[in-house]
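Step one of this worksheet: look at the structure below.
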Amino acid sequence: MPTTNSLSCSGHNVWDNYSSHISKHVKQYAQRQDWLTIIQMPSYAPELNPVELLWAHAKEKIANRAFRSISELHRAVKNALRYIQRHPELLIGFLAGTGLELTPPASSP
């Protein structure tokens, strides 16, 4: 049985408690998929979500600035995200920062 501190890359999906993730229709669909395992995260667990760490990093690049226009803000956000895109080691760090164990998928016979 998967837990919130162990992820396999093959057939597992980790969901927060966003309303569309826990709807009756989505749960029924997921139950019919033999290949799919849903790992439900706690109601509020930003420390387990690598995207939260990505946004925190991007926000640091644009925090405490007074932008003169929306286009200036847009450029700053694009630059912050481009920086992350050009430094893939940051993405690995965001994943590692969650403390989740990442295991490679089992090889197919």
Side-chain angles (χ1 to χ4, degrees):
M1 175 70 113
T3 64
T4 55
N5 63 355
S6 170
L7 299 179
S8 173
C9 298
S10 178
H12 287 78
N13 195 354
V14 178
W15 281 343
D16 57 16
N17 285 311
Y18 184 63
S19 60
S20 66
H21 296 160
I22 59 175
S23 74
K24 180 177 78 172
H25 297 293
V26 170
K27 284 182 178 181
Q28 289 172 349
Y29 172 80
Q31 288 173 347
R32 292 190 307 265
Q33 311 309 312
D34 293 342
W35 56 270
L36 181 61
T37 301
I38 301 298
I39 300 168
Q40 196 72 41
M41 291 177 67
S43 294
Y44 183 72
E47 70 279 2
L48 296 177
N49 188 344
V51 174
E52 295 291 341
L53 299 173
L54 180 146
W55 287 127
H57 187 276
K59 286 178 192 176
E60 284 179 13
K61 300 258 185 216
I62 60 172
N64 298 318
R65 290 179 55 190
F67 297 100
R68 289 174 278 207
S69 66
I70 295 294
S71 61
E72 186 179 342
L73 170 63
H74 183 258
R75 275 193 306 277
V77 170
K78 276 178 70 171
N79 289 338
L81 294 176
R82 266 200 199 117
Y83 181 84
I84 293 168
Q85 184 181 24
R86 291 182 179 140
H87 293 86
E89 68 278 5
L90 287 173
L91 299 176
I92 294 166
F94 299 149
L95 287 168
T98 65
L100 297 173
E101 180 185 320
L102 302 175
T103 56
S107 58
S108 300

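Everything quoted here is computed from the prediction, not taken from an experiment.
- Here the CD atom belonging to E89 is positioned 11.0 Å from the CD1 atom belonging to I84, to the nearest 0.5 angstrom.
- Listed by first then second residue, pairs satisfying salt bridge (Lys or Arg N to Asp or Glu O under 4.0 Å) with a partner in residues 25-37 number zero, not counting sequence neighbours.
- Residues satisfying the side-chain contact (heavy atoms from CB on, under 4.5 Å) criterion with E52, sequence neighbours excluded, are P46, N49.
- Every pair passing salt bridge (Lys or Arg N to Asp or Glu O under 4.0 Å) that includes a residue from residues 64-73 is listed here, sequence neighbours excluded: R68-E72.
- Screening residues 70-100 for ring pair (Phe, Tyr, Trp, His ring centres under 6.0 Å), with sequence neighbours left out, gives H57-F94, Y83-H87.
- A distance of 6.0 Å separates OG in S69 from CZ in R75, rounded to the nearest 0.5 Å.
- When the side chains of ILVMFWY residues are joined at heavy-atom separations under 4.5 Å, either directly or via intervening members, W35 and V26 end up in a single hydrophobic cluster.
- Put simply, L48 and L91 are part of two different groups of oily side chains (I, L, V, M, F, W, Y) that touch within less than 4.5 Å, one to the next.
- Residues A80 and A58 come closest through the heavy atom pair CB-O, 3.9 Å.
- Hydrophobic clustering (ILVMFWY, side-chain heavy atoms < 4.5 Å, transitive): L54 and I62 are in one cluster.
- Atom CG of L53 is separated from atom CG of L95 by 9.0 Å, given to the nearest 0.5 angstrom.
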